[in-house]
*Asks:* 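Can you keep this structure in mind? I'll have questions shortly.
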Amino acid sequence: MIKISGLKKVYQSDIGDVTALEDVNLDIRRGEVFGIIGSSGAGKSTLIRCINLLEKPSAGKIEIAGQDITELSGKELILLRRSLGMIFQHFNLLMQQTVADNVAFPLEIARVPRTEIATRVQELLKLVGLSEKAGAYPAQLSGGQKQRVAIARALANNPKVLLCDEATSALDALTTKSILALLKDINEKLGLTIVLITHQIEVVKEICDRVAVIEKNRIVETGRVVDILTKP
Ligand code: ADP
Ligand code: ADP
């Protein structure tokens with residue numbers, strides 16, 4: 001589903017060049033939950049930003065569903081971005097909008113007809129267990145509920161891949177478990193490929209099939225979670 005080869009990213013800054021990623025190779029399969037784990041500064045955000053087309057790689061190739069994203073035109077890029085859902089540590093919800101409006105937002109951008117939007121929003125809120133909160137504002141929700149809204153929003157346009165950037169890092173242990181259970185449920189129900197970036201080893205152990213370990217801007221290990229992250 002996502003094939004990355006020879007990926008390199010160098011940031012130009014006034015104190016000189018900063019290499020954030022060096023020779024990254026990854027093959028993420030359709031329908032799997034894939035973890036990318038590493039400590040702060042390892043290059044995780046840069047990697048997810050390259051996959052999500054927010055950063056342009058300095059070298060190398062990224063293919064998503066068979067398309068080389070470094071060679072797409074503006075319009076093709078817009079369509080491809082729509083097929084990537086994303087959730088974040090701090091949820092990034094629109095605070096002045098209701099839960100339903102937050103979920104409707106990407107559908108409005110995609111010019112989905114109004115009547116279809118209403119039905120789709122109901123389905124999505126049901127999927128994440130928040131039907132009762134459609135009219136609430138984010139400030140009235142718990143952290144876990146906010147992340148559920150963000151998940152519903154990320155799934156609105158039927159993405160091929162869901163990218164999760166430290167999606168449970170701001171949540172307590174119990175809420176983390178319930179969000180991970182929801183992600184696993186969505187993975188199984190919809191066959192959605194999920195890529196999960198985290199510094200939390202428990203998160204990877206809980207739901208990932210395979211994992212890549214990133215250290216000092218390079219992938220140092222890739223494999224099944226049971227083979228790589230077993231306790232000594
Ligand atoms: P992580 O997400 O694992 O914490 P990042 O991808 O944020 O790692 O950062 C990897 C390296 O790249 C770090 O050394 C960081 O300081 C550097 N870096 C990240 N973004 C930029 C940027 N926009 N400009 C310059 N350096 C950056
Ligand atoms: P995260 O918490 O996801 O690792 P960071 O705090 O590393 O995020 O980065 C937040 C933002 O700042 C990102 O857009 C990243 O590209 C940018 N950034 C990170 N490190 C640097 C840096 N050394 N110089 C400039 N920008 C940076």
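Ligands are counted one by one from 1 in listed order, and the atoms in each one are counted from 1 as well. When a residue number appears, it is its place in the shown sequence, counting from 1.
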*Asks:* So which of V103, L124, I151, V149 actually passes side chain to side chain contact (heavy atoms under 4.5 Å, CB included) with L130?
*Replies:*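 Output: one option passes, namely V149.
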
*Asks:* So is there a nitrogen or oxygen of S45 less than 3.5 Å from a nitrogen or oxygen in ligand 1?
*Replies:*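 Yes, at least one N or O pair falls under 3.5 Å.
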
*Asks:* List in chain and number order the residues that pass side chain to side chain contact (heavy atoms under 4.5 Å, CB included) with K8, two or more places apart in sequence or in another chain; answer none if no residue qualifies.
*Replies:*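 Counting only residues at least two positions away or on another chain, K8 forms a side chain to side chain contact (heavy atoms under 4.5 Å, CB included) with V10, E22, A59.
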
*Asks:* Would A20 count as a polar contact of ligand 1, with the cut-off being nitrogen or oxygen pairs under 3.5 Å?
*Replies:*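 In this structure, A20 places no N or O atom under 3.5 Å from an N or O of ligand 1.
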
*Asks:* Please list, chain by chain and in numerical order, all residues satisfying side chain to side chain contact (heavy atoms under 4.5 Å, CB included) with K177, sequence neighbours excluded.
*Replies:*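 Result, side chain to side chain contact (heavy atoms under 4.5 Å, CB included) vs K177: E206.
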
*Asks:* With a 4.0 Å cut-off, would you call K3 and E63 a salt bridge?
*Replies:*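 Salt bridge absent between K3 and E63.
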
*Asks:* Heavy atom of G38 under 4.0 Å from ligand 1?
*Replies:*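 Contact absent.
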
*Asks:* Quick one: which ligand 1 atoms are inside 4.0 Å of a heavy atom on S39?
*Replies:*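 Contacts of ligand 1 toward S39, numbered from 1: 3 (O).
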
*Asks:* Side chains of T168 and Q200 only: does a donor on one sit below 3.5 Å from an acceptor on the other?
*Replies:*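 Per modelled atom types, T168 and Q200 side chains form a pair under 3.5 Å.
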
*Asks:* Any N/O of L47 closer than 3.5 Å to an N/O of ligand 1?
*Replies:*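 L47 vs ligand 1: no N/O contact under 3.5 Å.
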
*Asks:* Any carboxylate oxygen within less than 4.0 angstrom of a Lys/Arg side-chain nitrogen, looking at R120 and E123?
*Replies:*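 Between E123 and R120 there is a salt bridge, with a charged N closer than 4.0 Å to a carboxylate O.
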
*Asks:* For V18, is at least one N or O under 3.5 Å away from an N or O on ligand 1?
*Replies:*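 No; the residue has no nitrogen or oxygen that sits under 3.5 Å from a nitrogen or oxygen of the ligand.
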
*Asks:* Compute the shortest N/O to N/O distance between K44 and ligand 1 and return yes if it is under 3.5 Å, no if not.
*Replies:*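 Yes, K44 has an N/O under 3.5 Å of an N/O on ligand 1.
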
*Asks:* Would you check if there is a donor-acceptor pair between the side chains of Y11 and S58 at a distance under 3.5 Å?
*Replies:*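 Y11 and S58 do not have a side-chain donor-acceptor pair below 3.5 Å.
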
*Asks:* Looking only at heavy atoms, is any part of S13 under 4.0 Å from ligand 1, and if so is it the side chain, the backbone, or both, or is it neither?
*Replies:*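 None of S13 does.
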
*Asks:* Which of the numbered atoms in ligand 1 are below 4.0 angstrom from a heavy atom of T46?
*Replies:*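 In order of numbering, the contacting atoms are 5 (P), 6 (O), 9 (O).
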
